[in-house]
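Presented below is the structure to which this report refers.
Residues: numbered from 1 along the sequence shown. All heavy atoms count here, side chains included; hydrogens, waters and symmetry mates do not.
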Amino acid sequence: RARPQDRGQALAQRALGHRRTGAGAARGPGAGPPGAPQRRGRRVVTGAAAAQRRALRPGSIDGRLGDGTTEQRETPTVVTGLADVVEIALGAAHTCARLGDGTVSCWGSNGFGGLGDGTMQDRASPTAVEGLGGVAQISLGCYDTCARLDDGTVSCWGWNDTGKLGDGTTTDRPTPTAVPGLTDVAELAAGCAHTCARLTDGTVTCWGDNLHGQLGDGTTDPRSTPRGRPGARRGRPAHARHQPHVRTAQRRHVPLLGR
């Protein structure tokens, strides 16, 4: 069966190759963006090769560069109407910025509500996330966005087919939705199909797709709400867990990505 990194790459490719305006075509239950790998029993079926080829094409077909156009740019281009940025985060086909006042603006593909503006319209320039403030960190998945707030809670929005928004459903959300029961979050990390949070007590909780056991709960069952990880080790960032490391000449551990 597909390796974990293959599934993640396929999810990213299908998101990059997908462009929608408005609400888009109706989807059946459990359907993701066109060309997506779908779960059939225990197998993951990848999307069309043409969609994957489109995913590798450079450019800004959905406005993800934020310059007000959908033109390809081969040199740096200023994002329009954006200032006082303290954090930037990239998804597969959208981009978000956390501003100094604790608000968030996003732009790019919005076919599943990942921009958080209450619509499913692509945006070629920064658009404020609706009703969100006091943000301390942002983390983007393929077509979804999560925010850690100053009070240690988490809100997520966008594509939710795998339950990775953590709200107990698999319903896409075009506006921020609180992850129920999740508090004392110190760090947040969103993958293509699952999300993890490091808590202030040093433990980790994860939710979303679990085909390869990536939630670390001893099963391969998907979870639409946060679950604790039995025997979770303390002290390492959520995004660094389970990554092989090498020791440099300065005796620092450096994670090896892509495995």
| task | Could you give me the CA-CA distance, side-chain angles and deciding distance for Asp117 and Arg123, then say whether side chain to side chain contact (heavy atoms under 4.5 Å, CB included) is met? | result | CA-CA 10 Å; Asp117 65 349; Arg123 303 293 183 184; 2.8 Å; yes
Please report the interatomic distance [atom1]([X]) to [atom2]([Y]), rounded to the nearest 0.5 Å.
| X | Y | atom1 | atom2 | result |
| --- | --- | --- | --- | --- |
| His194 | Gln214 | NE2 | CD | 5.0 Å |
| Leu115 | Asp122 | CG | CG | 7.5 Å |
| Leu149 | Thr183 | CG | OG1 | 12.0 Å |
| Asn160 | Phe112 | CG | CZ | 11.5 Å |
| Asn110 | Thr119 | CG | OG1 | 4.5 Å |
| Thr219 | Asp217 | OG1 | CG | 3.5 Å |

| query | When hydrophobic residues are tied together by side-chain contacts of less than 4.5 Å, even through go-betweens, does Val154 share a cluster with Val135? | reply | no
| Remaining members of the apolar cluster that contains Leu140, side-chain heavy atoms under 4.5 Å | none
| task | Any chance you could pull the hydrophobic cluster mates of Leu90, using side-chain heavy atoms under 4.5 angstrom and chaining through other members? | result | none
Closest contact, heavy atoms only, [X] versus [Y]:
| X | Y | result |
| --- | --- | --- |
| Trp207 | Thr225 | CB-O, 3.3 Å |
| Leu65 | Val79 | O-CG2, 3.5 Å |
| Thr170 | Gly163 | CG2-N, 4.1 Å |
| Arg64 | Trp107 | O-NE1, 3.0 Å |
| Pro180 | Gly166 | CD-O, 3.3 Å |
| Ala97 | Ile88 | CB-CD1, 3.9 Å |

| What do the steps show when you test Leu188 against Thr195 for side chain to side chain contact (heavy atoms under 4.5 Å, CB included), and what is the final call? | CA-CA 8 Å; Leu188 193 62; Thr195 308; 4.1 Å; yes
| field | salt bridge (charged side-chain N to carboxylate O under 4.0 Å, His left out) involving Glu87 - partner list, sequence neighbours excluded | value | Arg98
When the side chains of residues 124-134 are checked against the rest of the protein, which donor-acceptor pairs come out under 3.5 Å, sequence neighbours left out?
unit_1: Thr127; atom_1: OG1; unit_2: Ser125; atom_2: O; d: 3.2

Does [X] reach the main-chain N or O of [Y] with its side chain, forming a donor-acceptor pair under 3.5 Å?
| X | Y | answer |
| --- | --- | --- |
| Asp172 | Trp159 | no |
| Ser139 | Cys146 | no |
| Thr203 | Arg198 | no |
| Thr177 | Thr175 | yes |
| Asn210 | Asp221 | yes |

| field | Leu182 and Thr205: CA distance, side-chain angles, deciding distance, side chain to side chain contact (heavy atoms under 4.5 Å, CB included) verdict | value | CA-CA 9 Å; Leu182 187 62; Thr205 181; 3.7 Å; yes
| field | Verdict with reasoning, Asp167 to Arg173, per side chain to side chain contact (heavy atoms under 4.5 Å, CB included) | value | CA-CA 10 Å; Asp167 65 349; Arg173 304 292 185 183; 2.8 Å; yes
| note | side-chain contact (heavy atoms from CB on, under 4.5 Å) filter on Ala178, not counting sequence neighbours, yields Ser155
| field | Close side-chain approach of Leu99 to Val85, heavy-atom, < 4.5 Å | value | yes
| Within a strict 4.5 Å, meaning less than it, do heavy atoms of the Trp157 and Thr145 side chains meet? | yes
| request: Quick one: which residue pairs count as a salt bridge (Lys or Arg N to Asp or Glu O under 4.0 Å) with a foot in residues 140-159, not counting sequence neighbours? | output: Asp144-Lys164
